[in-house]
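Worksheet for the structure shown next.
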Amino acid sequence: MLAMQDVSVRFGSVQALNKVSITVGRGEFVALVGPNGSGKTTLLRAMHGMLRIRGTCTLAPEAQRQAMVFQRPFVMRLSVRNNLRLALWLGGVSRAQWNERIAAALARVSLQGLEERPARALSGGQQQRLAIARAWAIQPALLFLDEPTASLDPGAKKEVEALLAGFAADGITLVMSTHNLGQAKRPATRVVYLEDGEIHADLPTAQFFDGGLSGRAQQFLKGEMA
Ligand SMILES: Nc1ncnc2c1ncn2[C@@H]1O[C@H](COP(=O)(O)OP(=O)(O)OP(=O)(O)O)[C@@H](O)[C@H]1O
């Protein structure tokens with residue numbers, strides 16, 4: 001689906017990614033973990049084609065249909081419906097399909113009936129589901145998510161996790177950054193540990209959590225689980 005080879009990203013004097021090589025296969029659910037500032041968001045943005053990179057990033061044809069759920073993704077003063085319209089317009093979806101896509105997306109994330117409400121008047125959990133609806137509405141084959149459950153309460157977290165598990169079951173390939181190792185463990189098929197802009201571990205989930213780690217990744221896991 002996606003292959004990165006020796007990708008580096010620099011912001012001024014900060015080397016945010018340093019010769020990162022990673023592949024994402026069709027149908028995988030990859031969790032990116034690591035300390036603050038390790039490069040998770042930068043890697044997602046580089047994969048999504050938002051940054052000038054050194055190195056190469058190759059996409060399979062269907063991976064051109066991709067979307068990203070950002071941490072602050074929508075226009076607060078716009079209604080739920082207009083946020084979705086905006087996403088569909090930006091995603092190049094023809095206007096004739098908008099109503100159908102909006103209805104399907106709102107049903108998928110359980111926001112029916114809230115079409116006219118301004119995004120700012122939604123709860124945190126509803127806002128995050130709107131963000132996910134915006135990405136899902138363009139029918140991506142590849143979906144990137146940047147800390148999709150940050151600052152949500154346990155109930156809202158569970159709702160988002162259930163949505164993502166449903167997307168994976170539908171065959172959408174997912175790459176998600178998270179600070180929540182439990183969340184990486186539950187739905188992800190693979191866990192990638194980043195530190196200082198480099199990948200220190202890239203393992204199937206079971207192996208990642210079951211003694212397959214060494215060095216800094218192992219120390220991180222121990223610290224987080226303590
Ligand atoms: N636009 C930018 N301008 C300057 N520096 C940046 C920019 N974006 C990221 N950085 C720096 O690049 C490094 C990696 O940041 P990044 O946001 O990718 O890390 P992260 O792992 O997602 O962190 P967090 O877990 O805190 O969200 C950090 O040192 C950060 O300060």
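Start at 1 and go down the list; that is how both ligands and their atoms are numbered. Computed from a prediction, not measured in an experiment: that's the story for all the values here.
- Near ligand 1, heavy-atom contacts under 4.0 Å come from Phe11, Val14, Ala16, Pro35, Asn36, Gly37, Ser38, Gly39, Lys40, Thr41, Thr42, Glu147, His179.
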N/O donor-acceptor pairs under 3.5 Å from side chains in residues 28-39, not counting sequence neighbours:
from, atom 1, to, atom 2, distance (Å)
Glu28, OE1, Gly25, N, 2.7
Glu28, OE1, Arg190, NH1, 2.7
Glu28, OE2, Arg190, NH1, 3.2
Ser38, OG, Pro35, O, 2.7
Ser38, OG, Lys40, NZ, 3.4

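- Taking a cutoff of 4.0 Å between a charged side-chain nitrogen and a carboxylate oxygen, Glu198 and Lys19 do not qualify as a salt bridge.
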Listed pairs under 3.5 Å, donor-acceptor, residues 84-91 side chains, sequence neighbours left out:
from, atom 1, to, atom 2, distance (Å)
Arg85, NH1, Asn82, OD1, 2.8

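- No donor-acceptor pair closer than 3.5 Å links the side chain of Ser177 to the backbone N or O of Asp146.
- Listed by chain and residue number, Gln15 satisfy the side chain to side chain donor-acceptor pair (under 3.5 Å) test with Arg10 (two or more places apart in sequence, or in another chain).
- Between His200 and Tyr193, the ring-plane angle classifies as perpendicular under the 30° and 60° cut-offs.
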